[in-house]
Each structure stands twice: as C-alpha cells, then as structure tokens.
Amino acid sequence: MNIGGFQKNSLIDFPQTLACVVFTSGCNFNCPYCHNPDLAAGPVKGTGSNSGGEPGVPGPGQIDPEEIFSFLKKRKAFLEGVVITGGEPTLQPGLPAFLERVRELGYRVKLDTNGTRPAILARLFENRLVDYTAMDIKTGPDSYPRIAKGKSEKDNVLDRIEKSIRLIMEKSPGYEFRTTCVRPFVTEKIMEKIAGMIRGAEKYVLQNCSRDVHVLTPEFLKDDRHFFSPEEIRALGDLVSGAVTSLEIR
Ligand code: SF4
C-alpha cells in the first residue's frame with residue numbers, strides 16, 4: 001500500500017462511527033477541483049514501497065502500514081472504524097490484504113472510491129471487507145472521459161462506473177453516492193442524467209466545492225462561473241430527489 005497520509009481521529013468521515021482515516025497515494029482521475037492534489041499526483045506504485053500488503057519499506061513521504069497497524073492495536077478501545085480514502089484506494093494492489101488485517105483487529109471499514117475498479121470492489125464485497133462505500137459520481141455519462149487520466153483510463157470508463165454503481169447498490173452493506181457541484185462537470189442537464197445513473201439508490205449527497213483550499217488546478221478556482229450558489233444546489237437537488245430514497249445537501 002502506498003499510504004500518503006493518516007488522520008488519527010475523525011467524527012465526520014464515517015457515518016455514526018468514530019474512525020481514523022488512511023489516505024492512499026495516486027489517482028487515475030484529474031479533477032481540477034481535487035482537494036488532495038498531492039495525494040492525487042502521488043505514486044500508484046512507489047519504488048521500494050509496500051505494494052503487496054506485506055511488510056516493506058515505504059517510499060519517500062510514505063507512511064509504513066505497520067505504523068498504522070500498531071496504532072490500531074493500541075486504540076481498539078476508543079476507535080470503531082477505519083476510513084480508506086485517497087487518491088483512489090482501489091488502485092492499490094495491497095488493498096484487500098490491508099483490509100483483511102484491519103478486519104482481524106475488529107474494525108469497521110468505510111471505503112471512498114471514484115468507482116473505476118469494479119472488479120476490486122466485487123472482491124472486497126465478496127470477502128466482506130467493507131461496511132460502507134462512498135462513491136463519487138463526478139459527472140454525467142458523456143463527460144467521464146474528460147477527467148480520466150490517459151487513454152487506458154478513458155477507455156470503457158463509463159462501463160466501469162456503471163458496473164460499480166450497480167455493485168455498490170447490490171452488495172455494499174451501507175453506501176452513499178455523492179457529487180461535488182462544479183461546472184462544467186455538473187449542469188442541470190447533467191444532473192438529470194446522473195439521476196438516471198443512480199435511480200433507486202438509498203442515499204445521494206450533493207456538496208458544494210470549497211474555494212479556500214489548495215487544489216489540483218488552482219486557476220480553476222479563479223473562475224466564478226464554475227461555482228453554484230446554495231440556492232442553485234438546492235435546485236439541482238430537486239432534479240434528482242425523485243430518483244433516490246434520501247437526498248442530502250452538505
Ligand atoms: S478522483 Fe478524487 S482524488 Fe482523484 S483527482 Fe478526483 S477528487 Fe482528486
């Protein structure tokens with residue numbers, strides 16, 4: 001696992017669960033508003049890092065997974081869960097082995113994902129390694145290739161996203177889909193298409209994009225036209241609320 005960050009406590013990342021947060025390095029998307037640009041740009045396979053779930057030597061700037069396991073062993077009385085976020089965690093070959101060890105220690109697991117690796121999700125659900133999945137729906141069906149990095153990630157990206165949506169709805173014990181509202185990735189027309197993609201889902205979250213942070217493409221934040229007002233986000237919510245059981249605006 002290439003782990004680029006670790007937060008010891010969080011009350012807001014895992015519903016009803018006091019959790020720590022593990023940040024993996026590397027992402028196959030290029031969202032200009034990404035709030036974790038260093039993690040997104042980080043290595044998927046770092047030289048000398050532990051990519052197979054076995055003890056290894058972390059690469060520069062990486063956290064040794066053994067440090068996290070040692071923390072988890074000590075905090076069992078206080079913490080209930082572990083959130084795995086990124087970057088994109090499902091790019092890590094060591095993810096299933098890492099989660100097996102987290103499970104052996106008795107923790108609940110929440111996984112954040114962009115949904116580009118349905119085969120990994122299927123394996124994690126099959127082995128009951130995830131309790132709650134939060135998948136970002138970045139945009140509508142036609143626009144996904146715009147944010148995928150490189151040709152191999154652009155190919156069939158929509159198929160993979162749709163497969164992940166179905167898998168999560170069928171197999172994840174708890175889940176939410178969520179969208180960060182920024183133009184041109186989200187518009188009224190796109191929101192109607194997203195409603196079709198996630199129709200029947202239990203929970204959908206719309207969130208505004210914070211402007212006071214370091215992002216992958218800083219120029220992107222300088223253009224007011226990319227942002228929605230709270231009223232406009234509520235209007236986007238009206239377009240999708242009939243398709244899902246519960247809609248939340250954060
Ligand atoms: S998918 Fe997430 S981590 Fe990757 S670039 Fe987009 S916002 Fe950043």
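We count ligands from 1, going down the list as the structure has it; atoms in each ligand are counted the same way. Computation of the quantities below employed the complete heavy-atom set of this structure, encompassing side-chain atoms and omitting hydrogens, waters and symmetry-equivalent molecules. Quick caveat: nothing in here was measured; it's all calculated off a predicted structure.
Here is the list of ligand 1 atoms found below 4.0 Å of a heavy atom in G87: 3 (S).
Taking 4.0 Å as the cut-off between side-chain N and carboxylate O, E66 and R101 count as a salt-bridged pair. Of the charged side-chain nitrogens involved, at least one lies within less than 4.0 Å of a carboxylate oxygen, so that D155 and K151 count as a salt-bridged pair. Electrostatic pairing of R128 and E100 does not count as a salt bridge here, judged by no charged N lying under 4.0 Å from a carboxylate O.
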Under the salt bridge (charged side-chain N to carboxylate O under 4.0 Å, His left out) rule, what do D224 and R183 come out as? Steps first, then yes or no, please.
CA-CA 10 Å; D224 285 340; R183 299 181 182 94; over 6 Å; no
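Within the structure, salt bridge (Lys or Arg N to Asp or Glu O under 4.0 Å) pairs that include any residue of residues 115-126 comprise R117-E153 (at least two apart or interchain).
Note on atom 6 (Fe) of ligand 1: protein N, O or S atoms under 2.8 Å away count 1, no waters included.
When every heavy atom of C20 is checked against every heavy atom of L72, the shortest pair comes out as SG-CD2, 3.7 Å.
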